[in-house]
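Lettering of chains follows the sequences in order, A, B, ..., and the numbering in each one begins at 1. Heavy atoms only: backbone and side chains are in, while hydrogens, waters and symmetry mates are out.
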Amino acid sequence: MSSFADKVYALCKRIPWGNVSTYKDIGKAIGSSGMIYRAVGVALKHNPHAPIVPCHRVVASDGSIGGFHGQTSGPFIAKKIALLKEEGVLVKNGKIVDFEKKLYRLA
DNA sequence: ACCATGACGCACA
DNA sequence: ATGTGCGCCATGG
């Protein structure tokens, strides 16, 4: 995989159980320009390691779920929400409850 | 090598 | 508080 995407996946796996992270923080953790969260989204969208990489723990900076399985909404998103719920991360109206609290800062 | 797209983020109206 | 527009990076055709 491209170095960039590889780092993204590594960081995703590095997110602790019950915690979540944002594309922005991941980008910062990588150490690039800082506005690379765009590429981060693309990388996760490609997500070649679907179940191996806990991409469902990655959410938008405002606490929105963002997307899953290449879709911004749909049954897959519901599945993602359910997964997070099982990890103790409740999602209300598409937004994570106590988002800042459960947010894991890698950078 | 160039153009177009995207699971985002922030500024502005 | 809500809606719309623009900008950034990396990847794919």
d([atom1], [X]; [atom2], [N]) in whole Å:
| X | N | atom1 | atom2 | value |
| --- | --- | --- | --- | --- |
| A:K28 | C:dC9 | NZ | C1' | 15 Å |
| A:I26 | C:dC9 | CD1 | C1' | 14 Å |
| A:Y9 | B:dA7 | OH | C1' | 11 Å |
| A:K95 | C:dA1 | NZ | C1' | 12 Å |
| A:I30 | C:dC9 | CD1 | C1' | 10 Å |
| A:N47 | C:dA10 | CG | C1' | 16 Å |

At what distance, to the nearest 0.5 angstrom, does CD1 of A:I96 lie from NZ of A:K101?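 Between atom CD1 of A:I96 and atom NZ of A:K101 there are 13.5 Å.
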Can you tell me how far the CD1 atom of A:I15 sits from the NE2 atom of A:H56, to the nearest 0.5 Å?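 NE2 of A:H56 is found 8.5 Å from CD1 of A:I15.
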Hey, what's the ring geometry for A:F76 with A:H69, parallel, tilted or perpendicular (30° and 60° as the breaks)?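 Ring orientation of A:F76 relative to A:H69: tilted.
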Is it the case that the side chain of [X] and the backbone of [Y] share a donor-acceptor pair, with hydrogens and angles ignored and the cut-off at 3.5 Å?
| X | Y | answer |
| --- | --- | --- |
| A:K80 | A:G67 | yes |
| A:Y9 | A:A43 | yes |
| A:S2 | A:A5 | no |

Base, backbone or nothing for each nucleotide of nucleotides 8-13 of chain B, written B, S, -, heavy atoms under 4.0 angstrom, 5' to 3'? BSS---
When all nucleic acid strands are considered with a 4.0 Å heavy-atom cut-off, which category describes A:I36: base, sugar-phosphate, or nothing?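 Counting heavy atoms under 4.0 Å across all strands, the contact made by A:I36 is with sugar-phosphate only.
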